[in-house]
Amino acid sequence: MSLILDFDAALEQVQLRAAAFAEPKTESVPLLSSAGRVLAAPVVADRDQPPFDRSTRDGFAVRADEAAAGPLRVVGQIRAGERWEGLNEAGSVLEPGCAIEIMTGAPVPPGADAVAMVEHVETTGKSIRMNAERVLHAGENIVPRGREARAGDAVLAVGTEVEAAEIALAAACGCASLTVFRRPRVAILATGDELVDLDATPDEQQIRNSNSYGLAALVARAGGEADRLPIAPDRREELERLIAEARTSDLVLLSGGVSMGKYDLVEEVLASMGAEFFFTGVRMQPGKPVVFGRLPASGGQGERYFFGLPGNPVSTQVTFHCFVEPLLRAMAGAGISPPRFAQATLAEDVLGKQGLTRFLPARMTPGRARSMVRLIGWQGSGDLAANARANCYAVLPPEKIRFMAGEVISVLLR
Ligand code: AMP
Ligand code: MG
């Protein structure tokens, strides 16, 4: 059975399935363990932010119209962490003709409507005067209470991926722990008679199983929990036994054994186990033999999605970024997102291939005005060293062959 799709059609298949996942189970994790996780409950502001009218400058709390008119008497000082209690019981409001020295982050006293920056006033003894060329407007240098968020507002929505910005905001809301989605468990099954694991010394003709490790790292970064299975040899019975074990996980990733070789048995074994295929190849390079489908889960309870990724390590990683990552993010509760494409300007002429979407290891140099991208020389899709020198893949669409220096193209980030 052969079901070869164009790149965009294959991606559509993945996104179609990604849209259909039920929400995963949830768990609570300490705030600092939440980086990379996906929120399963909103983070809610426990009080107004800021909780008081906050001065954003060191200076003097004043009435703006008075500051323009003439000198003001400085009657006190408010430091961050303090609040203005007044000089006496009657005086908790800033008196006319007065100013109060105030520090960044301190609450502006009632009655004041602006803060004059210390750099913009002249001080003489106990009185201040605005510099002649400065005009102070009401509201200047103050963030009013609740302007950033109101108590009870959801400041982070379900489905948000937690990183440093979210951790800081959650901390500001008093959250010592967060409710996040459980990570999907992803079985990783490398296939190939030539493969040996890291604890063995390979004979000259043997190859170390690098894919299981590369994939485990990619899975973790995409929000999954990797479960590396033993290497499967290219024999039907053992493949079937290990695939049966793998499908107890939430998602199955196979590497190798999906090309046209005599011992590429993965598709055949999957089919014999009742697999349904959404595609068995994609018009892309590298990554053409990539397979996507679903299997009955173990015990016949529901189904498990699987990917058969090509064994060549660069193909494995490119196809992971293109297809596995969007599906896995959706399974992790982060919603539907395309692969991480960006735009960059080609630094040199490049050749594509008619009819194939190409993904070539490349190095992007981000710039403020524009980002430049340059290909990395490589020996093809087995070249892990070149892949590691790259920081993205230049994407060359299938419609044309010549891409010129200066042209803006897509890159696939990783
Ligand atoms: P295959 O997709 O099985 O035809 O393998 C294609 C190429 O990728 C061959 O050169 C394999 O030796 C290599 N390869 C397959 N699986 C792995 C793996 N797990 N780690 C590193 N290289 C692999
Ligand atoms: Mg193989």
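Counting convention: from 1, in listed order, for ligands and their atoms alike.
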In ligand 1, which numbered atoms sit nearer than 4.0 Å to a non-hydrogen atom of [X]?
X      : value
Ala190 : 19 (N)
Arg208 : 20 (N), 21 (C)
Ser255 : 19 (N)

Flag the pair Glu27 and Arg183 as a salt bridge only when some basic side-chain nitrogen lies within less than 4.0 angstrom of an acidic carboxylate oxygen.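 No, no charged N to carboxylate O under 4.0 Å.
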For residues 358-376, which side-chain N or O atoms pair as donor and acceptor with protein atoms under 3.5 Å away, sequence neighbours left out?
residue, atom, partner, partner atom, Å
Arg358, NE, Gln285, OE1, 3.0
Arg358, NH1, Leu351, O, 3.3
Arg358, NH2, Gln285, OE1, 3.0
Arg363, NH1, Arg389, O, 2.9
Ser371, OG, Gly367, N, 3.4

Could you see which bit of Val258 sits under 4.0 Å from ligand 1, with heavy atoms only: side chain, backbone, both or neither?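 Neither part.
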Is ligand 1 under 4.0 Å from a heavy atom in the side chain of Ile207, in the backbone, in both, or in neither? side chain
Provide, to 0.1 Å, the distance between atom 9 (C) of ligand 1 and the closest protein heavy atom, together with that atom's residue and name.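 Ranked first by proximity to atom 9 (C) of ligand 1 is Glu194 OE2, 4.0 Å.
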Per the side chain to side chain contact (heavy atoms under 4.5 Å, CB included) rule, which among Val290, Thr316, Val291 passes with Pro310? Val290
Min side-chain heavy-atom separation Ile243-Leu254 under 4.5 Å: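 Heavy-atom side-chain distance check passes, below 4.5 Å.
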Other residues, nucleotides, ligands: >12 heavy atoms within 6.0 Å of Arg17 CZ: yes
Return the option from [options] holding the heavy atom at the smallest distance from [atom].
atom                    : options                        : value
atom 7 (C) of ligand 1  : Asn312, Val314, Leu215, Asn209 : Asn312
atom 3 (O) of ligand 1  : Gly214, Ser210, Gly382, Gly257 : Gly257
atom 15 (C) of ligand 1 : Gly311, Pro289, Gly261         : Gly311

Are the aromatic rings of Phe306 and Phe277 close, with centres under 6.0 Å apart? yes
Any nitrogen or oxygen of Asn211 lying under 3.5 Å from a nitrogen or oxygen in ligand 1? Just yes or no. yes
What residue pairs, at least two apart or across chains, pass ring-ring contact (aromatic ring centres under 6.0 Å, His included) with a residue in residues 323-344?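 Non-adjacent pairs meeting ring-ring contact (aromatic ring centres under 6.0 Å, His included): Phe7-Phe323, Phe279-Phe323.
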